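Shown next, in structure tokens, is the structure this report addresses.
All values derive from a computational prediction rather than experimental measurement. Naming convention: chains lettered A, B, ... in sequence-line order (proteins, then strands); numbering from 1 in each chain.
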2 protein chains.
Amino acid sequence: MIEPSGRRERKKAATRQKIADTALHLFLERGYDDVGIRDVAAEADVAVTTLFSHFPAKEALVFERDQGFEHGLVRAVTDRAPGEPLIPALRQEIHALVRHCTAPEAAPVRSLIVSSPALREYEESMRMRHADTLAAAIAADLGVPETSTACRTVARFVIDAYALACEAAEPGDAVDEVFRMIEAAWGASRLA
Amino acid sequence: MIEPSGRRERKKAATRQKIADTALHLFLERGYDDVGIRDVAAEADVAVTTLFSHFPAKEALVFERDQGFEHGLVRAVTDRAPGEPLIPALRQEIHALVRHCTAPEAAPVRSLIVSSPALREYEESMRMRHADTLAAAIAADLGVPETSTACRTVARFVIDAYALACEAAEPGDAVDEVFRMIEAAWGASRLA
DNA sequence: TTCAAAACCCTAACCGTTAGTGTTACAGTC
DNA sequence: GACTGTAACACTAACGGTTAGGGTTTTGAA
């Protein structure tokens, strides 16, 4: 109940930031597989255990900037104007997210991820959790049970749209193309 | 070019089988996390290095029986009667696969997988590779480039159908429901 | 018979991750 | 300002999956 004020919070955030920055820097410099956790910890001047108290796994160091992905999707559902249809709102959000991750300044990190199976797997598994969260948000918004197959399906499809577009030659066009398909799929479900 | 005849192949297969059987037995008995690779190797009476020359990772021991999943999907595309439409063929195949994995005798292995995050993640990542293979097969069948977004999309959707149905209360109904959506999505793509 | 390769074994390590056990620095209280 | 609980951090040592290095046996073929 007592929320810590000021310095302690800032120091913690600074430590976390320093670890993430150091890690990304080393990874980009020497490659993900050629930098060990012990290297990162040493360079960031923290103990290995401290590193793991801030991040659940080595891979998480790379996706530090990726916060807000899940939150953004949920908000696209919950915060949309009354009467605004679901799918276009999600389409717009996915457009934004895809632009963000295919931006030129994100290219080094992207190629880092693509070049490491461990990172690709980790990302995929993150996205699946996001799909579950999104499905729950959609179900809540529509007032149907969380286990609704249609909600879970469309949530997965939306995450697929993101993944496919990030790998496509023309990401923006890919989003539109996949979303035309999603729109049709949603129309064919009982909940449309 | 020279294919080894007989005994050597059989012995290798037998070793592989023995490792997989021993592993599954131990996992079901004591739980996935409470059985180490060294336990499995000792019980199967092989060296740890031998085990890893047969299986790429601990998780793979659990999915040994799962061979044919990918192959079945691809064959559903390539071996269908001339003129038979794509989606219903895939629907039928997914129905079969879902029945197989929700069958009562598969329940212990299923709950083993569900209860272990590592196994769930490994399965998810396997399925994604299957989606890529399926996408390539569909693209080849339709004579379009492998990078076709519509093909890659529908392949992912089909894999989603499998995953969603396996977790659904009524797997058969879930397959049908998701495939109604996929059918609509496919119809909305340029390739239909 | 001889030979190369395949399959296997053993040892020792690497690396991500965690448990156990302190130590320090801060926040709220007196 | 001293006191105290606790959050953040450190250190050591280990665990468990995985791999490298290097050797031995089995097998198929010349």
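- No engagement by A/Val40 is indicated, since no non-hydrogen atom pair under 4.0 Å with the nucleic acid exists.
- Computed from coordinates, the B/Leu51 CG to C/dA7 C1' distance equals 14 Å when rounded to whole Å.
- When rounded to the nearest whole Å, the span between CG of A/Leu119 and P of C/dG16 equals 12 Å.
- In this entry the distance linking CG of B/Asp45 with C1' of D/dT25 reads 15 Å, nearest Å.
- Between A/Thr50 and the phosphate of D/dA10, there is a side-chain N or O to OP1/OP2 separation shorter than 4.0 Å.
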*asked:* I'd like to compare against my own output: the B/S/- annotation of nucleotides 17-24 of chain C with a strict under-4.0 Å heavy-atom distance to protein.
replied: BBB-----
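- Near DNA chain D, meaning a heavy atom under 4.0 Å away, the residues from residues 12-27 of chain A are A/Lys12, A/Thr15.
- Here the nucleotide nearest the side chain of A/Ala47, chosen from D/dT27, C/dC8, D/dA10, is D/dA10.
- The list of side chain to side chain donor-acceptor pair (under 3.5 Å) pairs with a residue in residues 135-150 of chain B, not counting sequence neighbours, reads B/Arg80-B/Asp141.
- A donor and an acceptor atom, one from each side chain of B/Glu70 and B/Thr133, are located under 3.5 Å apart.
- In this structure, B/Val62 and B/Leu119 approach most closely via the heavy-atom pair CG2-CD2, 3.9 Å.
- Salt-bridge annotation for B/Glu183 and B/Arg91: absent, with no side-chain N of the basic residue lying under 4.0 Å from a carboxylate O of the acidic one.
- Between the P atom of C/dC26 and the CZ atom of A/Arg8 lies a distance of 8 Å, rounded to the nearest Å.
- In this structure, B/His54 does not reach the C/dA7 phosphate: none of its side-chain N or O atoms is under 4.0 Å from OP1 or OP2.
- Classification of the A/Tyr122-A/Phe63 ring pair by plane angle, with boundaries at 30° and 60°, yields parallel.
- Distance, B/Arg10 CZ to D/dT26 C1': 14 Å, rounded to whole Å.
- Using a 4.0 Å cut-off between charged nitrogen and carboxylate oxygen, A/Arg127 and A/Glu123 count as a salt-bridge pair.
- Here the P atom of nucleotide D/dA29 and the CD atom of B/Glu9 are 11 Å apart, to the nearest Å.
- Between the NZ atom of A/Lys11 and the C1' atom of D/dA7 there is a distance of 12 Å, given to the nearest Å.
- Follow the hydrophobic side-chain contacts under 4.5 Å out from A/Leu28 and you never reach A/Val114; the two are in separate clusters.
- Residue contacts shown for A/Asp39 are absent, as no nucleic acid heavy atom lies under 4.0 Å away.
- For the pair B/Lys58 and B/Tyr32, the cation sits on the ring face: its NZ or CZ lies under 6.0 Å from the ring centre, inside 45° of the axis.
- Nucleotide C/dC15 holds its C1' atom 13 Å from the CG atom of A/Asp34, rounded to whole Å.
- B/Asp39 has a carboxylate O that lies under 4.0 Å from a charged side-chain N of B/Arg30, or vice versa, which qualifies the two as a salt bridge.
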